[in-house]
Amino acid sequence: MKERIAHLIKEAVESLFGVKESRFRVEVPREKGWGDLSTNVAFILSKSLKKSPKEVGDVLAEYLSDAGLFSDVRVEKGFINMDIKREVWIKEFASLIREGADRKFQKNIGKGEKVQVEFVSANPTGPLHLGHGRGAVVGDVLCNVLEFFGYAITREYYVNDAGNQVYLLGKSIYARYMELMGKSYPFPEEGYRGEYIRDIAEDIVREKGDMLLSLSEEEAVDFCVEYGLSAMLKRIKEDLEDLDVHFDVWFSERSLYDRGLVDEVIRILKEKDLIYEKEGALWFKSSLFGDDKDRVIRKSDGNYTYFASDIAYHYEKFSRGFKKVINLWGADHHGYERRLKAALKALDIPEDWLEVYFVQMVKLFREGKEIKMSKRSGEFVTLRELTEEIGKDAVRFMFLMKRSDTPLSIDVDVVKEKSSENPVFYVQYAHARMCGISREMKNRYGIDNLPEDFARYLNLLSLEEEMDLIKKAVMFGDELTEIVYKKEPHVITYFLYDMASLFHSYYNSHRIVGDDINISMARYTLTKGLKEIFAFALNFMGVEAPESM
RNA sequence: GGGCCCGUAGCUCAGCUGGAUAGAGCAGGGGAUUUCUAAUCCCCAGGUCGGGGGUUCGAGUCCCUCCGGGCCCGCCA
């Protein structure tokens with residue numbers, strides 16, 4: 001709807017003033033009296049046209065009045081406030097019911113463009129924690145929306161299975177193994193002390209017995225590296241699947257080395273004279289491309305840095321033909337963005353090809369107190385624990401409660417509670433109530449479905465609250481579309497919450513299925529449409545829309 | 001010392017590329033139940049948008065500066 005009106009305004013501006021203008025906004029104004037929609041276009045034009053906003057607005061308003069779409073167009077304090085005809089809203093809502101929300105809101109924005117979204121990508125050296133889970137859900141929902149709008153999405157997880165950390169994982173497991181076998185072996189200083197390491201070591205004992213004792217230390221640690229990696233990955237996959245998050249590609253960092261891609265990018269950068277040697281290490285001149293300083297890509301001990309393989313990885317992504325790549329990173333990586341972008345620039349990859357978004361950490365509260373996580377002691381709240389405690393729906397919903405780049409707090413007690421304090425239940429309950437109305441309609445009037453001519457009933461709706469619900473439902477398409485550009489899937493949660501609030505209020509003050517069959521039919525039809533929207537929106541979030549609770 | 005993010009009601013946060021009289025939930029106070037599930041609703045109270053300066057017709061939003069908080073800044077990943 002917004003888009004339709006923005007288009008209309010553009011046309012009006014062009015035919016009235018002969019200029020193209022697209023910087024203006026069409027928005028739902030804060031105050032009800034300011035129209036269904038409002039635009040600031042007159043302010044923007046007043047500068048270039050050297051006329052007052054009022055003058056510009058008056059001319060535009062008159063033009064727009066003739067479009068047949070509005071019941072009223074007026075200029076107030078320079079804003080053009082527009083009321084859309086009731087029958088237009090009703091017609092839109094009716095077609096939403098008839099076609100279904102997915103047909104109604106579908107737009108082929110992506111046109112099949114290949115886009116890769118890389119998210120989670122947690123190191124396979126420990127269980128997923130809450131921040132990873134948040135990234136998983138945000139990424140997944142973002143992908144759902146992009147797919148809906150016609151992008152060919154690849155969901156990808158980058159597995160850091162190379163480098164020192166996996167060696168440490170292997171060593172930690174080996175140390176626990178030796179411990180279990182009654183041998184003394186020092187636990188590595190920087191090793192992973194979590195309970196899961198011991199679990200893996202126990203699995204090895206169960207499967208292989210004392211087999212490792214007959215190997216050299218090096219061979220045994222190698223074995224533990226491989227065994228540990230696959231065990232960790234298996235757990236990570238399970239944790240994600242329990243949240244209904246699935247990846248198309250699990251990309252191995254190691255494979256970049258095996259395929260010679262790391263050497264290849266370094267060779268390319270060398271040819272461009274962007275690599276130099278200093279103190280036995282190899283440096284990339286990232287400072288030439290906006291980074292604060294140059295960065296090491298091969299250490300003096302001959303090992304490559306993580307940065308080196310990451311350049312190769314993104315180079316590889318580019319060669320796979322993705323038109324755009326979206327990375328969701330933990331907030332502790334924000335300093336890294338500039339470095340990577342510098343490298344991509346050096347490789348002549350367009351600047352806007354890579355978009356990076358950050359996911360902030362999640363804090364857990366219980367009985368009003370924060371549950372502190374400590375990686376050092378190996379004790380922290382894992383994603384698995386939270387999922388087991390509050391369930392998939394609540395986890396997904398809560399992770400979508402805020403913009404992903406702001407820290408999130410979750411109070412476990414509240415989420416487990418079945419009351420209005422719990423937003424998950426609040427929203428799901430609204431849907432369940434809508435289903436309850438369908439049941440009542442059947443019990444009382446034997447009506448099981450909408451008749452062919454259901455639209456005429458919508459005309460009988462006379463309450464302001466009913467129109468508010470209809471308007472908001474129709475405009476959900478606009479909010480969803482914005483996610484494509486702004487990458488902020490939490491707006492779905494806000495929409496559902498607002499919608500639920502409007503509905504609960506309506507439900508409380510008006511009988512929906514009552515003595516008057518016509519009014520009952522009208523309100524039932526309204527509810528049907530709302531239910532459609534709720535199921536549609538919840539589906540994007542990957543949260544159940546329960547029939548009853 | 002450098003970089004990034006944040007500071008909005010007691011708490012957790014919305015506030016859309018600057019727009020009209022700053023919003024919601026929770027917590028606090030008061031009310032609604034012969035129900036289509038009260039897992040709900042209604043009302044009240046609560047603010048120098050961290051301070052100061054600037055740009056602008058207009059600033060919570062942009063710029064500068066200061067204060068406060070978080071994260072990053074290794075030849076770790």
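In what follows, chains carry the letters A, B, and so on, assigned in the order in which the sequence lines appear, proteins first and then strands, with residues in each chain numbered from 1. In this text, all values refer to a predicted model and were calculated from it rather than measured experimentally.
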Is there a donor and acceptor pair, one atom on the side chain of A:Ser38 and one on the base of B:A20, closer than 3.5 Å?
yes
Does A:Tyr426 place a side-chain N or O at less than 4.0 Å from the phosphate oxygens OP1/OP2 of B:C41?
yes
Nearest whole Å is fine: how far is B:C76 P from A:Tyr304 OH?
15 Å
Under 3.5 Å for both donor-acceptor distances, Watson-Crick or wobble: does B:U40 have a partner, and if so which one?
B:A32
When all nucleic acid strands are considered with a 4.0 Å heavy-atom cut-off, which category describes A:Arg30: base, sugar-phosphate, or nothing?
sugar-phosphate
Determine the contact category for A:Ser300: base if any of its heavy atoms lies under 4.0 Å from a base atom, sugar-phosphate if only primed atoms, P, OP1 or OP2 are that close, otherwise nothing.
base
Across all strands shown, which nucleotide pairs with B:C4 by Watson-Crick or G-U wobble geometry, both distances under 3.5 Å?
B:G70
Rounded to whole Å, please give me the gap between CZ in A:Arg338 and C1' in B:G2.
10 Å
At less than 4.0 Å, is any side-chain N or O atom of A:Ser501 found next to OP1 or OP2 of B:A24? Yes or no.
no
So what does A:Asn40 touch, heavy atoms closer than 4.0 Å: a base, only the sugar-phosphate, or nothing?
base
Whole-angstrom distance between B:G47 and B:C62, as gauged at atom P
25 Å
Would A:Glu488 and A:Tyr494 satisfy side chain to side chain donor-acceptor pair (under 3.5 Å), going step by step from the backbone distance to the final call?
CA-CA 11 Å; A:Glu488 290 179 348; A:Tyr494 274 89; over 6 Å; no
Could you verify whether a donor N or O on one side chain and an acceptor N or O on the other, from A:Gln360 and A:Thr406, lie under 3.5 Å apart?
no
Rounded distance in Å - CZ (A:Arg295) to C1' (B:A77)
14 Å
In Watson-Crick or G-U wobble terms, with both distances under 3.5 Å, the base opposite B:A27 is none
Between B:A39, B:U21, B:A77, which nucleotide gets closest to the side-chain atoms of A:Thr305?
B:A77
Say whether A:Tyr157 and A:Glu118, considering side chains only, have a donor N or O and an acceptor N or O under 3.5 Å apart.
no
Quantified in whole Å, what is the C1' atom distance between nucleotide B:A77 and nucleotide B:C72?
14 Å
Stepwise, does the ring pair (Phe, Tyr, Trp, His ring centres under 6.0 Å) test hold for A:Tyr336 with A:Trp329?
CA-CA 10 Å; A:Tyr336 195 73; A:Trp329 287 348; 5.7 Å; yes
Gap in Å between the two P atoms, one belonging to B:G60 and one to B:C73, rounded
36 Å
When the C1' atoms of B:G31 and B:A14 are compared, how many Å lie between them, rounded to an integer?
28 Å
Given RNA chain B, 5'-ward residue of the pair A:Gln360 and A:Thr39, judged by closest heavy atom
A:Gln360
Side-chain atoms of A:Phe79 come closest, of B:G19, B:A77, B:C71, to B:G19
Which nucleotide in B:C41, B:C73, B:U40 has an atom nearest any side-chain atom of A:Tyr429:
B:U40
Start with the C-alpha gap between A:Lys442 and A:Asn449, add the side-chain angles, then the distance that decides, and say whether side chain to side chain donor-acceptor pair (under 3.5 Å) holds.
CA-CA 9 Å; A:Lys442 191 173 180 194; A:Asn449 235 317; over 6 Å; no
What one should report as the nearest heavy-atom pair of A:Phe284 and A:Ala342 is CZ-O, 4.1 Å
If you look at every strand shown and take non-hydrogen atoms under 4.0 Å, does A:Arg298 touch a base, only sugar-phosphate, or nothing?
nothing
Which whole number of Å gives the distance between the C1' atom of B:G15 and that of B:U8?
9 Å
If we take the C1' atom in both B:C64 and B:G19, what is their distance in whole Å?
23 Å
What's A:Tyr507 touching, base or sugar-phosphate or nothing? Going by heavy atoms closer than 4.0 Å.
base
Base, sugar-phosphate or nothing for A:Glu279? Non-hydrogen atoms, less than 4.0 Å.
base
Of the candidate nucleotides B:C41, B:C72, B:C76, which contains the atom at the shortest distance from the side chain of A:Asn164?
B:C76
Using whole Å, report how far OH of A:Tyr306 lies from P of B:A77.
10 Å
Whichever of A:Tyr336 and A:Met361 has its nearest RNA chain B nucleotide further upstream toward 5':
A:Met361
Could you check whether A:Arg433 makes a cation-pi contact with A:Phe503, meaning its NZ or CZ is under 6.0 Å from the centre of the six-membered ring and within 45° of the ring axis?
no
Check whether the aromatic ring of A:Phe43 stacks on the base of B:G58, taking stacking as ring centres less than 5.5 Å apart and planes within 30° of each other.
no
My understanding is that only one of A:Phe24, A:Phe43, A:Trp34 makes a ring-ring contact (aromatic ring centres under 6.0 Å, His included) with A:Phe79; could you say which?
A:Phe43
To the nearest angstrom, the CZ-C1' distance between A:Phe425 and B:C26 comes to 17 Å
Please state the P separation for the pair B:U12 and B:C75 - nearest whole angstrom.
38 Å
Residue pair A:Gln428 / A:Asp393, side-chain donor-acceptor N/O under 3.5 Å:
yes
Pick base, sugar-phosphate or nothing for A:Gly163, based on heavy-atom distances below 4.0 Å to the nucleic acid.
nothing
Any base atoms under 4.0 Å from A:Lys278, or only sugar-phosphate, or nothing? Heavy atoms, all strands.
base
Whole-Å distance, A:Glu189 CD to B:C76 P, equals 16 Å
Indicate, with a heavy-atom threshold strictly under 4.0 Å, whether A:Ala162 touches base, sugar-phosphate, or nothing.
sugar-phosphate
Give A:Asp310 one of three labels, base, sugar-phosphate or nothing, depending on what nucleic acid heavy atoms sit under 4.0 Å from its own.
nothing
Given ring pair (Phe, Tyr, Trp, His ring centres under 6.0 Å), test A:His490 with A:Phe399 step by step and report yes or no.
CA-CA 9 Å; A:His490 75 286; A:Phe399 281 160; over 10 Å; no
Give me the distance, rounded to whole Å, that separates B:A9 from B:G25 when you measure between the C1' atoms they each carry.
12 Å
Could you state the atom-to-atom distance from NZ of A:Lys299 to P of B:G74 in whole Å?
13 Å
Anything under 3.5 Å between a protein N or O and an N or O of nucleotides 11-17 of chain B, put it in a table, one pair a line.
residue : atom : partner  : partner atom : Å
B:C13   : OP1  : A:Pro407 : O            : 2.9
B:C13   : O2'  : A:Lys402 : NZ           : 2.8
B:C13   : O2'  : A:Tyr494 : OH           : 3.3
B:A14   : OP1  : A:Thr406 : OG1          : 3.0
B:G15   : OP2  : A:Arg403 : NH1          : 3.0
B:C16   : O2'  : A:Lys486 : NZ           : 2.9
B:C16   : N4   : A:Glu27  : OE1          : 2.8

Please pick, from B:C42, B:A77, B:C36, the nucleotide with the shortest atom-to-atom distance to any side-chain atom of A:Gln165.
B:A77
Can a side-chain donor-acceptor contact be found between A:Asp294 and A:Tyr276 if the only test is distance below 3.5 angstrom?
yes
From CG of A:Asn303 over to P of B:A77, roughly how many Å is that when rounded to an integer?
8 Å
